[in-house]
Amino acid sequence: MIELRTPAEIDEMRAAGRFVAETLATLRADTKVGTNLLDIDRRAHEMIRSAGAESCYIDYHPSFGASPFGKVICTSINDAVLHGLPHDYTLRDGDLVSLDFAVSVDGWVADSAISFVVGTPRDEDLRLIDTTNRALEAAIAAATVGNRIGDISASIAAVAHGEGYTINTDFGGHGVGRIMHGDPHVPNDGRAGRGFPLRAGLVFALEPWFLQTTDKLITDPDGWTLRSADGSRGAHAEHTVAVTEDGPIILTDRSFLGVD
């Protein structure tokens with residue numbers, strides 16, 4: 001069921017969005033060559049406890065997960081792009097890191113993801129990250145009253161295809177509110193002018209993610225971490241966005257913190 005939020009409810013969601021933005025900005029600044037993924041999860045857990053927030057991940061057990069997730073943040077490295085389960089791995093020079101984080105604050109959920117390189121970056125990784133970020137910007141620009149879900153999907157695909165990337169539509173954007181994953185599903189490829197009409201009060205997480213040379217995924221033995229089938233690297237960008245009569249509002253915007 002697709003739910004529409006009142007302006008007052010969207011205002012109530014801002015606290016969750018701000019906390020998610022601040023946490024990701026802090027973790028990005030603290031994540032360097034030599035950082036262990038378990039330390040990233042531990043730091044995120046500390047921030048959740050200090051804020052009185054509630055993790056959306058730790059007990060999460062959807063049909064595609066082998067067991068409850070058990071951690072509070074997704075840490076996907078290099079050829080891993082989604083649902084990376086934090087484990088005992090120390091980051092090396094040039095690693096491509098994607099962090100995906102969702103929490104509930106006062107009963108409202110916000111969800112966001114970032115990708116970046118620690119140490120010396122490869123040009124092809126920077127291009128992939130830039131493309132993913134631009135696709136997210138295009139998706140947000142299309143999230144206006146009068147458009148349809150297909151307009152968002154098509155805008156993401158246009159950016160990806162323009163750079164020669166193929167697209168997997170198994171996982172994409174989703175409704176956000178009292179729960180982390182709700183309707184509507186927002187695929188990262190689609191036809192403009194098709195799908196559910198966008199109305200004021202619709203809140204969703206938009207999340208383009210691309211792999212460098214494939215659109216096929218494989219699952220790690222941990223039952224969660226999704227990797228490219230050919231070992232090429234992936235990047236992921238996500239914001240929680242509210243559709244309003246005055247245009248889209250990025251609830252997880254990090255620009256006020258001086259980071260992208």
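- Rounding to the nearest 0.5 Å gives a distance of 11.0 Å between CD1 of Ile167 and CG of Leu211.
- Using modelled atom types, one finds no donor on one side chain facing an acceptor on the other under 3.5 Å when comparing Asp246 with Thr244.
- In the hydrophobic clustering of this structure, Val105 does not group with Val109; members are Ile, Leu, Val, Met, Phe, Trp, Tyr whose side-chain heavy atoms approach within less than 4.5 Å, directly or through other members.
- Distance alone, capped at 3.5 Å, places no donor-acceptor pair between the Asn188 side chain and the Thr169 backbone.
- In this structure the side chain of Glu163 reaches within 4.5 angstrom of the side chain of Arg134, judged on heavy atoms.
- Summarising the geometry of Ala135 relative to Val159, their closest heavy-atom pair is N-CG1, 3.8 Å, with the distance given to 0.1 Å.
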Audit row: Tyr57, Asp100, side-chain hydrogen bond (donor to acceptor under 3.5 Å, both in side chains) steps and yes/no:
CA-CA 10 Å; Tyr57 292 163; Asp100 190 357; 3.1 Å; yes
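- Two residues are said to be in side-chain contact when any heavy atoms from C-beta on lie closer than 4.5 Å; Leu217 and Val81 meet this criterion.
- Under a hydrophobic-cluster definition in which Ile, Leu, Val, Met, Phe, Trp and Tyr are linked whenever side-chain heavy atoms come within less than 4.5 Å, directly or via other members, Val117 and Leu82 are assigned to different clusters.
- Inspection of the Ser112 and Arg254 side chains reveals an N or O donor paired with an N or O acceptor under 3.5 Å.
- In summary, the side chains of Asp230 and Thr213 do present a donor paired with an acceptor at a separation below 3.5 Å, with no hydrogens or angles considered.
- Outside the 6.0 Å centre-distance limit, the rings of His83 and Phe69 are not counted as a close aromatic pair.
- With hydrogens and angles disregarded, a donor-acceptor distance shorter than 3.5 Å links the side chain of Asn78 to the backbone of Leu96.
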Do any side-chain atoms of residues 192-210 form donor-acceptor pairs under 3.5 angstrom with protein atoms, and if so which ones, sequence neighbours left out?
from: Glu207; atom 1: OE1; to: His236; atom 2: NE2; distance (Å): 2.8
from: Glu207; atom 1: OE2; to: His174; atom 2: NE2; distance (Å): 3.1
from: Trp209; atom 1: NE1; to: Phe171; atom 2: O; distance (Å): 2.8

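- Of the inter-residue distances, the one linking Ile140 atom CD1 with Ile249 atom CD1 reads 12.0 Å to the nearest 0.5 angstrom.
- Between Leu136 atom CG and Ile250 atom CD1 the span is 7.0 Å, to the nearest 0.5 Å.
- With respect to Glu46 and Arg42, no salt bridge is recorded, no charged nitrogen being found less than 4.0 Å from a carboxylate O.
- For the pair Ile156/Asp189, no side-chain contact is recorded, criterion being any heavy-atom separation below 4.5 Å from C-beta on.
- For the pair Asp151 (side chain) and Arg148 (backbone), a donor-acceptor distance under 3.5 Å is present.
- Note on Leu91 and Leu38: separate hydrophobic clusters, where clusters join Ile, Leu, Val, Met, Phe, Trp and Tyr whose side-chain heavy atoms are under 4.5 Å apart, directly or indirectly.
- Around atom CZ of Arg92, no more than 12 heavy atoms belonging to other residues, nucleotides or ligands sit under 6.0 Å away.
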As a quick check of understanding, evaluate side chain to side chain contact (heavy atoms under 4.5 Å, CB included) for Leu85 and Lys71, giving each step before the final call.
CA-CA 7 Å; Leu85 186 64; Lys71 304 295 182 182; 3.9 Å; yes
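- Ring orientation note: the planes of His87 and Tyr89 are tilted relative to one another, at an angle of 30° to 60°.
- Residue Thr225 comes nearest to Gly84 through the heavy atom pair OG1-CA, 3.5 Å, listed as atom of the first residue, atom of the second, then distance.
- Salt-bridge formation is not detected for the pair Arg14/Glu12: no Lys NZ or Arg NE/NH1/NH2 atom is positioned less than 4.0 Å from an Asp or Glu carboxylate oxygen.
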Tell me, with the steps shown, if Gln212 and Asp125 meet side-chain hydrogen bond (donor to acceptor under 3.5 Å, both in side chains).
CA-CA 8 Å; Gln212 285 171 333; Asp125 291 346; 2.9 Å; yes
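- The closest donor-acceptor contact from the side chain of Asn168 to the backbone of Asp170 lies under 3.5 Å.
- Aromatic ring orientation, Phe19 versus Phe101: tilted (interplanar angle from 30° to 60°).
- Between Trp224 and Ser67, the closest side-chain pair of non-hydrogen atoms falls below 4.5 Å.
- Inter-residue side-chain proximity for Val97 and Val118 is flagged as met; some heavy-atom pair is nearer than 4.5 Å.
- Residues Arg43 and Asp39 are not paired through a salt bridge, judged by the lack of any N-O separation under 4.0 Å between the basic side chain and the carboxylate.
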Apply the test side chain to side chain contact (heavy atoms under 4.5 Å, CB included) to residues Ile40 and Thr35: give CA-CA distance (whole Å), side-chain angles for both, the deciding distance (0.1 Å), then the verdict.
CA-CA 8 Å; Ile40 297 174; Thr35 300; 3.7 Å; yes
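- Considering CG of Asn133 and CD of Glu238, their distance stands at 12.5 Å, rounded to 0.5 Å.
- Two different hydrophobic clusters hold Val186 and Ile10 under the rule that ILVMFWY side chains link at heavy-atom gaps under 4.5 Å.
- Annotation: Lys216, atom NZ; neighbour count of heavy atoms from other residues, nucleotides and ligands within 6.0 Å does not exceed 12.
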Could you walk me through whether Glu124 and Leu126 satisfy the side chain to side chain contact (heavy atoms under 4.5 Å, CB included) test, starting with their C-alpha distance in whole Å, then the side-chain angles of each, then the deciding distance to 0.1 Å, before giving a yes or no?
CA-CA 6 Å; Glu124 60 267 32; Leu126 295 179; over 6 Å; no
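- Closest of all the heavy-atom pairs between Thr214 and Ser228 is CG2-CB, 3.8 Å.
- Across all non-hydrogen atoms, the minimal contact from Ala80 to Ser76 is O-CB, 3.5 Å.
- Panel note: side chain Ser153, backbone Gly190; no donor-acceptor pair is recorded below 3.5 Å.
- At a threshold of 4.5 Å between non-hydrogen side-chain atoms, the residues Val103 and Ile48 count as touching.
- Within a 6.0 Å radius of CG in Asp11, other residues, nucleotides and ligands contribute more than 12 heavy atoms.
- Counting all heavy atoms, side chain and backbone alike, Leu24 lies closest to Ala113 at CD1-N, 4.1 Å.
- At a threshold of 4.5 Å between non-hydrogen side-chain atoms, the residues Thr26 and Met47 count as touching.
- Between the CZ atom of Arg233 and the CD1 atom of Ile129 there is a distance of 9.0 Å, given to the nearest 0.5 Å.
- Checking side-chain atoms of Glu9 against main-chain N and O of Thr6 turns up a donor-acceptor pair under 3.5 Å.
- Note on Ile77: it clusters hydrophobically with Val33, by side-chain heavy-atom contacts below 4.5 Å among ILVMFWY residues.
- Across every non-hydrogen atom of Thr132 and Ala237, the tightest pair is CG2-N, 3.5 Å.
- For the pair Pro248 and Thr144, the minimum side-chain heavy-atom distance is below 4.5 Å.
- Side-chain atoms of Ser98 and Ser115 include a donor-acceptor pair closer than 3.5 Å.
- Judged purely by atom type and a 3.5 angstrom limit, Thr240 has no side-chain atom pairing as donor or acceptor with the backbone of Thr252.
- Ile114 contributes atom CD1, which lies 9.5 Å from atom NE2 of His239 (distance to the nearest 0.5 angstrom).
- Formation of a donor-acceptor pair under 3.5 Å by the His161 side chain with backbone atoms of Tyr165 is found in this model.
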Check the pair Val243, Val145 against side chain to side chain contact (heavy atoms under 4.5 Å, CB included), reporting the backbone distance first and the verdict last.
CA-CA 7 Å; Val243 178; Val145 174; 3.8 Å; yes
